[in-house]
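Reviewing the structure listed below.
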Number of protein chains: 2
Amino acid sequence: MYVANRSNTRFSAVKITDVAAAAGVAPMTVSRVLNTPERVSPDTAARVLEAIETLGYVPNLIAGGLSSRRSRMIAAIVPTIASPMFHEPVQSFTDAMGRAGYHVMLALSGYGEADEATLVRAVLARRPDGLLLTGAHRTPAVQRLLATAHVPVVEMWDTAEHPTDMLVGLDHAEVGAEVAAFFAARGHTRFAFLGASDIRATARRRGFEQGVAAHGGTLVAAKTVNAPGTILDSREALRAIAPELTGRRTALFASSDLVAFGAITEARLLGIEVPTQLAICGFGDFELSRGASPAATTVHVDGTAMGLLAAKHLLARLAGHATAGVHRSLVPFHIIERETS
Amino acid sequence: MYVANRSNTRFSAVKITDVAAAAGVAPMTVSRVLNTPERVSPDTAARVLEAIETLGYVPNLIAGGLSSRRSRMIAAIVPTIASPMFHEPVQSFTDAMGRAGYHVMLALSGYGEADEATLVRAVLARRPDGLLLTGAHRTPAVQRLLATAHVPVVEMWDTAEHPTDMLVGLDHAEVGAEVAAFFAARGHTRFAFLGASDIRATARRRGFEQGVAAHGGTLVAAKTVNAPGTILDSREALRAIAPELTGRRTALFASSDLVAFGAITEARLLGIEVPTQLAICGFGDFELSRGASPAATTVHVDGTAMGLLAAKHLLARLAGHATAGVHRSLVPFHIIERETS
DNA sequence: ACGTGGAATGGTAGCGATAACAGATGGACT
DNA sequence: AGTCCATCTGTTATCGCTACCATTCCACGT
């Protein structure tokens, strides 16, 4: 009879049975020392730990994951990490989950058409214990995948009536409306928008437009650039709408601080005075807006808090507080008035 | 006798045996359809694929990984993703590895003392098929871990005589020397350095200082800020060295474009004319340096190429071209002359 | 003395996939 | 017709851990 022999083993990796043998205990006890040390007597634990040290044992989480049906891993999907908008929440989320013993696997979806379903599928193949997604609007295909996977999901950076599961969001329309109100309160009547065409920037734009209308103002220009919106694109866009900006005082809402910076830069070159002739408000409160001169007025959203909150919700769910009500929170925002308004 | 029964199963996840049963084949055939489709007859494959589709089967890579001893996962460790210096290579590396069927798991080490060994250990527990590390200098503890793990390693962004394994590096000292030469060729004799205190920025600084000395110049000021170096820190640092900068023409090398931007901004506020009185060269060629006005002279390093090259080396090794010579390449760099020099 | 219960540890059987073979089948060629 | 080989599919035995229950031991109360 045939006997399988996987002797292709490239080298002899130390495994839990080796440690157990060296410490004179059962493998199960080694496992307990690593996972539930409080259930092992202190001196056995010490002996096991010593064996682990001398053998240089590194537990195999793949095997452990298969057996326990828990990967201790969370997958996070964001469009890009190039923007502080995403790397701040991701970083704080990663830190917080790390403290709780979870690794975060990051996946980049890009802004393009790239099929989110394919990405989610690939990610689910690793059986993450939880998911952090960007935005709150999923295609039916993705919804189906998530539903059958039975994985806790946190969505961030957007809001929706019925999120997939948990949500730590931001009401972009409200942001736009608030910025319009902010400008209106300072006597502005002519408004303009400059920004990226992604879903959330578009929501801010719509909120802004409605706010402008509500305050009886007029939108004299609105120009979109490709997401995520670069400085150079923004400068070009500002040049394009410059004719609308000369002569009369205008208030511009930029979809991100990068776009705002481009607008400020180009305005200076065109001789449009900021903020007297052109007032500008950005979004994101990037380091750049604080560091540049003039420092940019912008909308501050606490990305770090968002990541932390997402982690908190997810950890609560993972700890089994499954039915502890709906987890849906909106992150507050506020306008930081600096030198460009 | 006791019979184990893990009926804690929260729900019935579809597994390979379900698909096999539905398609009327053996599980092994399903596995082959997914991994080596060329070894399965077209109509069997079609039947299996259909079963996969109707059942909504998502393969379990944890189980597959345990069995095949290949996780199809690469771990990447970088200090931060907040800087283009790291997110560019990481992004291109991730893309390239993704095209080859590997997922990249990102881990952030920070710039602090945080024990790299602990992080590497945690990462190795997931049995990655390869590792991408930042820098070329490992502590003995990490070296031991990597050696016993028998995992291909690529180190990037630095250079060393004897890298751990493969290397896609940059000679920072040479960068510093080149910048000194660049300034010297334009008649500068007074030089200054402003930058972060991390290992690679320090290497650039030393190369710059040696270059300055070689050209008979004098270093009139050198100030370091905490890594990674923010705009505001840089502005403050420039104020501190401003007395050395007034009156006589000076050439400043900044350890990153962010630092350079801070210097440019503060110089303008102090009435120090750029570039006539103070010439500035940054490092990294960030979007900011292209987009700002004046556009900053800087050292361009192709981060995307670096990530791609790292992926290429790693994939070659993973494909079994194990002994195909030393994989150690230096990424070229060049100075982009713009408006601040 | 004896039952009771808690703490510590061990034995066994999977978790869900794949490596390594072993058939089965059929066509090409002698 | 018989041999050989290539192609396809199936069977078996792991991969290295952990859940589940069993067992042992000892302190304690009655």
Side-chain angles (χ1 to χ4, degrees), chain A residues 1-21 23-48 52 55 57-72 124-127 129, chain B residues 1-21 23-48 52 55 57-72 124-127 129:
Chain A
M1 196 229 269
Y2 152 71
V3 175
N5 169 26
R6 301 193 172 186
S7 55
N8 66 329
T9 316
R10 298 158 301 186
F11 61 96
S12 60
V14 182
K15 56 184 86 162
I16 202 168
T17 50
D18 301 328
V19 176
V25 298
M28 196 57 232
T29 301
V30 177
S31 172
R32 272 191 281 255
V33 169
L34 293 170
N35 297 310
T36 52
E38 72 280 4
R39 312 186 65 186
V40 177
S41 82
D43 43 332
T44 329
R47 240 176 358 172
V48 169
I52 288 176
L55 294 180
Y57 172 63
V58 177
N60 184 331
L61 285 184
I62 295 200
L66 178 59
S67 183
S68 67
R69 292 148 153 280
R70 291 185 48 218
S71 62
R72 294 147 182 274
L124 287 177
R126 295 200 181 270
R127 298 295 188 269
D129 291 338
Chain B
M1 195 231 272
Y2 152 70
V3 175
N5 168 26
R6 301 193 172 185
S7 54
N8 69 328
T9 315
R10 297 158 302 188
F11 62 96
S12 60
V14 181
K15 59 184 83 162
I16 201 168
T17 50
D18 301 327
V19 176
V25 298
M28 194 58 230
T29 299
V30 177
S31 173
R32 271 191 281 254
V33 168
L34 292 171
N35 298 309
T36 52
E38 72 280 4
R39 311 186 66 184
V40 178
S41 81
D43 43 330
T44 319
R47 237 168 4 151
V48 169
I52 288 176
L55 293 180
Y57 171 63
V58 176
N60 185 331
L61 285 186
I62 295 199
L66 179 59
S67 183
S68 67
R69 291 147 155 283
R70 293 186 47 220
S71 61
R72 294 148 183 272
L124 287 177
R126 296 201 181 270
R127 299 294 187 270
D129 291 338

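By convention in this document, chain letters (A, B, ...) are assigned in the order of the sequence lines, proteins followed by strands, and residues within each chain are numbered from 1.
Protein atom CG of B:Asp43 is 16 Å distant from nucleotide atom P of D:dT7, rounded to whole Å. In this structure, CZ of B:Arg72 is placed 20 Å from P of D:dC15, rounded to the nearest angstrom. Rounding to whole angstrom units, CE of residue B:Met28 and P of D:dT7 are separated by 18 Å. Across the protein-nucleic acid pair, A:Lys15 atom NZ and D:dC17 atom P stand 8 Å apart, rounded to whole Å. Atom-to-atom, CG of B:Leu66 to C1' of C:dG16 comes out at 9 Å; the value is rounded to the nearest Å. The interatomic distance linking A:Arg127 (CZ) with C:dC15 (C1') rounds to 12 Å, in whole Å. Rounded to a whole Å, the CG atom of A:Asn60 is 7 Å from the C1' atom of D:dC17. Here the C1' atom of nucleotide C:dC15 and the CG atom of A:Leu61 are 15 Å apart, to the nearest Å.
The two residues A:Gly65 and B:Ile62 have their closest heavy-atom pair at C-CG2, 4.0 Å. Closest approach of B:Asp129 to B:Arg70, counting heavy atoms only: OD1-CA, 3.6 Å. Contact detail for A:Arg126 and B:Ser71: the closest heavy-atom pair is NH1-O, 2.9 Å. Between A:Leu34 and A:Pro59, the shortest heavy-atom distance links the atoms CD1-CG, 4.0 Å.
In this structure, of D:dG10, D:dC17, C:dA17, it is C:dA17 that holds the atom nearest to the side chain of B:Ile16. Here the nucleotide nearest the side chain of A:Thr44, chosen from D:dT11, C:dT18, C:dT9, is C:dT9.
For C:dA17, the OP1/OP2 oxygens have no side-chain nitrogen or oxygen of B:Thr17 closer than 4.0 Å. Within the 4.0 Å cut-off from OP1 or OP2 of C:dA17, at least one side-chain nitrogen or oxygen of B:Tyr57 is found. Look at A:Arg69 and you'll find a side-chain N or O under 4.0 angstrom from OP1 or OP2 of C:dG16. Distances shorter than 4.0 Å separate none of the side-chain N or O atoms of A:Ser68 from OP1 or OP2 on C:dC15.
Between B:Arg47 and B:Ala63, it is B:Arg47 whose nearest contact on DNA chain D lies nearer the 5' terminus. Comparing B:Val25 and A:Ile62 by the nucleotide of DNA chain D that holds the closest heavy atom to each, the one mapping nearer the 5' end is B:Val25.
Proximity of a side-chain donor or acceptor of B:Asp18 to a complementary backbone N or O of B:Lys15 within less than 3.5 Å is detected. Between the A:Ser67 side chain and the A:Ala63 main chain, no donor and acceptor come within less than 3.5 Å of each other.
Residues satisfying the side-chain hydrogen bond (donor to acceptor under 3.5 Å, both in side chains) test with A:Ser41, not counting sequence neighbours, are A:Asp43, A:Thr44. With sequence neighbours excluded, no residue forms a side-chain hydrogen bond (donor to acceptor under 3.5 Å, both in side chains) with B:Arg47. By the side-chain contact (heavy atoms from CB on, under 4.5 Å) test, B:Ile16 pairs with B:Pro27, B:Val30, B:Ser31, B:Tyr57, sequence neighbours left out.
The side-chain heavy atoms of A:Val14 and A:Val58, taken from C-beta on, include no pair separated by under 4.5 Å.
Residues from residues 29-39 of chain B with heavy atoms under 4.0 angstrom of DNA chain C, sorted by number: B:Ser31, B:Asn35.
Here the straight-line distance linking atom CG of B:Asn60 with atom CG of B:Leu66 works out to 10.0 Å at 0.5 Å rounding.
Between the two ends of the helix from C:dA1-D:dT30 to C:dT30-D:dA1, each summarised by a five-pair axis, the helix axis turns through 40° (rounded to 10 degrees).
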Between the protein and nucleotides 4-6 of chain D, list the N/O to N/O atom pairs that are separated by less than 3.5 angstrom.
none

